[in-house]
Protein chains: 2
Amino acid sequence: MTPPRDALSHDRVLQAALALADAHGLDALSMRRLGAELGVEAMSLYRHVASKEALLDAMVDAIVRGWIDEHDASITDWRARLAAVMHRAHDSLMARPWAVELVANRPSVGDGRLRYAETITTALLDAGFTAQLAHHGLHIVDGTIMGFTAQQARRPSAVALGDRVRELYDGALASEYPGITRTIREHHDHDEEYALMVDLVIEGLARLRDGRMPARTGVGADYAIARA
Amino acid sequence: MTPPRDALSHDRVLQAALALADAHGLDALSMRRLGAELGVEAMSLYRHVASKEALLDAMVDAIVRGWIDEHDASITDWRARLAAVMHRAHDSLMARPWAVELVANRPSVGDGRLRYAETITTALLDAGFTAQLAHHGLHIVDGTIMGFTAQQARRPSAVALGDRVRELYDGALASEYPGITRTIREHHDHDEEYALMVDLVIEGLARLRDGRMPARTGVGADYAIARA
DNA sequence: ACCTGAACACCGTTCAAGT
DNA sequence: ACCTGAACACCGTTCAAGT
């Protein structure tokens with residue numbers, strides 16, 4: 001009655017979970033099915049992961065760890081150094097779109113996520129950013145990666161469903177949504193658009209560092225009142 | 001045997017779902033519990049919503065619809081006009097953090113989401129952006145709102161858990177994560193930081209429109225190779 | 001000491017049986 | 001014709017009963 005495959009381990013469970021989600025989506029990832037995939041009962045998994053939540057956290061951390069490359073530290077141009085991480089993260093997530101919501105919304109902070117944050121923070125500090133601005137910069141870079149990628153990752157399925165969206169393409173809703181109707185058919189390459197956003201953010205960070213940001217457009221309650 | 005409360009309706013179900021999630025979080029929102037909250041059995045809800053998925057989509061659309069204010073169209077400064085929507089969206093989501101993952105990840109496109117997209121697109125077109133750049137601009141603005149807000153929304157719970165994070169604050173991990181240790185204690189106001197990001201993005205959009213963007217940092221596979 | 005089958009307390013949704 | 005209780009096919013997780 002020895003197990004039909006090699007002994008389980010935390011890493012084998014983790015890898016099987018990633019493979020299962022890659023193959024059949026995040027919804028298909030249940031403890032029961034994951035167990036079946038590994039040739040064991042679901043309960044055996046609890047010997048290696050504390051809970052499904054802990055497993056999801058481990059998956060997130062493994063993915064984020066993949067965004068780091070020790071090699072990047074040798075890039076002397078801080079813009080290129082930041083761009084390298086941002087593009088690697090984007091590629092990583094677009095390769096497994098199911099992971100975006102996990103990475104974007106789980107508050108857990110594992111070593112992978114810490115090393116990723118450290119990489120960005122160090123790049124900014126090395127570039128002469130103050131501690132305060134490096135802190136903001138980390139959040140700006142992280143927010144950009146996640147927000148933009150989440151949006152691109154969720155778009156294909158929208159087109160697949162697309163009852164309303166098709167009407168937009170056909171121009172049937174032109175009177176109600178003239179702006180979208182005018183722009184929706186524009187050429188649209190995900191990687192190209194992401195690269196544009198990366199450059200926009202990095203240029204913005206450079207301007208922040210150098211004190212070249214314009215006056216505020218308005219903060220907090222101000223925006224309710226037109227200020228033109 | 002008349003129902004103990006007023007007759008159900010799609011809107012009453014929707015409002016109850018929002019209230020339940022507000023009170024007890026998204027995990028507490030089950031059809032059974034939602035029914036109980038309305039004094040009916042879970043199955044009665046299916047008379048007014050096609051499925052739980054459809055209900056979640058309706059919740060998203062109701063929330064996003066709240067980001068629009070007809071008043072904004074009269075703001076002549078396009079920067080202020082964009083900033084108004086971006087700040088309203090942020091406030092709306094920070095008031096119900098459970099909604100961020102829903103809004104950020106659901107691919108459904110309802111009328112609320114369309115009107116929100118139309119507002120941003122029109123603001124950009126009116127400001128002289130080309131159709132192509134307005135299209136990119138919508139994605140840039142939307143990605144910024146969602147990415148940044150998701151990040152801020154997930155942070156409080158991280159601090160609550162915070163085994164590793166506390167060590168960072170204490171400086172115990174200074175040798176492993178020197179950059180984060182140096183920056184983590186910086187003063188940090190969510191609204192202030194978001195306003196910074198909004199201004200950074202709007203300034204970036206203005207520069208895009210005027211053809212003042214710098215040379216690309218690198219796209220696609222290029223980033224794997226140091227280009228400094 | 002270790003493992004796991006059955007069980008518990010849930011899900012979303014279906015549908016036949018009731019009125 | 002309308003409504004809904006019971007049922008189905010799942011969940012994550014516990015724990016006592018087995019070896």
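For clarity, every value in this text was computed on a predicted model and none was experimentally measured. Quick note on labels: first sequence line is chain A, next is B, and so on, each numbered from 1.
- Here D:dC11 presents its C1' atom at 18 Å from CZ of B:R33, a figure rounded to the nearest Å.
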Given salt bridge (Lys or Arg N to Asp or Glu O under 4.0 Å), test A:E53 with A:R106 step by step and report yes or no. CA-CA 10 Å; A:E53 295 287 298; A:R106 301 227 124 217; 2.9 Å; yes

Which is it for B:L168 and A:L114 under the side-chain contact (heavy atoms from CB on, under 4.5 Å) test, yes or no, and what are the steps along the way? CA-CA 10 Å; B:L168 279 170; A:L114 282 178; 3.4 Å; yes

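- If you measure from atom CE of B:M31 to atom P of C:dT14, you get 11 Å, rounded to the nearest angstrom.
- Contact check on A:R65 versus A:D111 returns no salt bridge, with no Lys/Arg side-chain nitrogen under 4.0 Å from an Asp/Glu carboxylate oxygen.
- Rounding to whole angstrom units, CG of residue B:D27 and C1' of D:dC11 are separated by 13 Å.
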Between the protein and nucleotides 16-19 of chain C, list the N/O to N/O atom pairs that are separated by less than 3.5 angstrom.
none

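- Partner of A:V100 under the side chain to side chain contact (heavy atoms under 4.5 Å, CB included) criterion, chosen from A:Q152, A:M146, A:M94: A:M146.
- The separation between A:L56 atom CG and D:dG12 atom C1' is 12 Å, rounded to whole Å.
- You'll find that the side chain of A:A42 is closest to D:dT13, out of D:dG12, C:dG12, D:dT13.
- Other residues, nucleotides and ligands place more than 12 heavy atoms under 6.0 Å from the CG atom of B:D189.
- Residues B:R154 and A:D142 are paired through a salt bridge, judged by an N-O separation under 4.0 Å between the basic side chain and the carboxylate.
- Base pairing of D:dC8: its partner is C:dG12, meeting the Watson-Crick or G-U wobble criterion (both donor-acceptor distances under 3.5 Å).
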Go through the steps for B:W98 and B:L18 under the test side-chain contact (heavy atoms from CB on, under 4.5 Å), then give the verdict. CA-CA 10 Å; B:W98 56 264; B:L18 291 168; 3.8 Å; yes

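- Listed pair A:Y46 / D:dT14 fails the phosphate criterion, with no side-chain N or O lying under 4.0 Å from OP1 or OP2.
- Here the nucleotide nearest the side chain of B:S51, chosen from D:dG12, C:dC11, C:dT13, is C:dT13.
- Rounded to a whole Å, the CG atom of A:L29 is 10 Å from the P atom of D:dC11.
- Using N1 to N3 plus N6-O4 or O6-N4 for Watson-Crick, or N1-O2 and O6-N3 for G-U wobble, each under 3.5 Å, C:dG18 pairs with D:dC2.
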Pairs: protein N or O with nucleotides 2-8 of chain C N or O, under 3.5 Å:
from, atom 1, to, atom 2, distance (Å)
C:dC3, OP2, A:R47, NE, 3.2
C:dC3, OP2, A:R47, NH1, 3.2
C:dT4, OP2, A:S44, OG, 3.2

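- Note: A:D22 CG to A:H24 NE2 = 11.0 Å, rounded to the nearest 0.5 Å.
- The pair A:R115-A:E70 meets the salt-bridge criterion, with a side-chain N (NZ, NE, NH1 or NH2) lying under 4.0 Å from an Asp/Glu carboxylate O.
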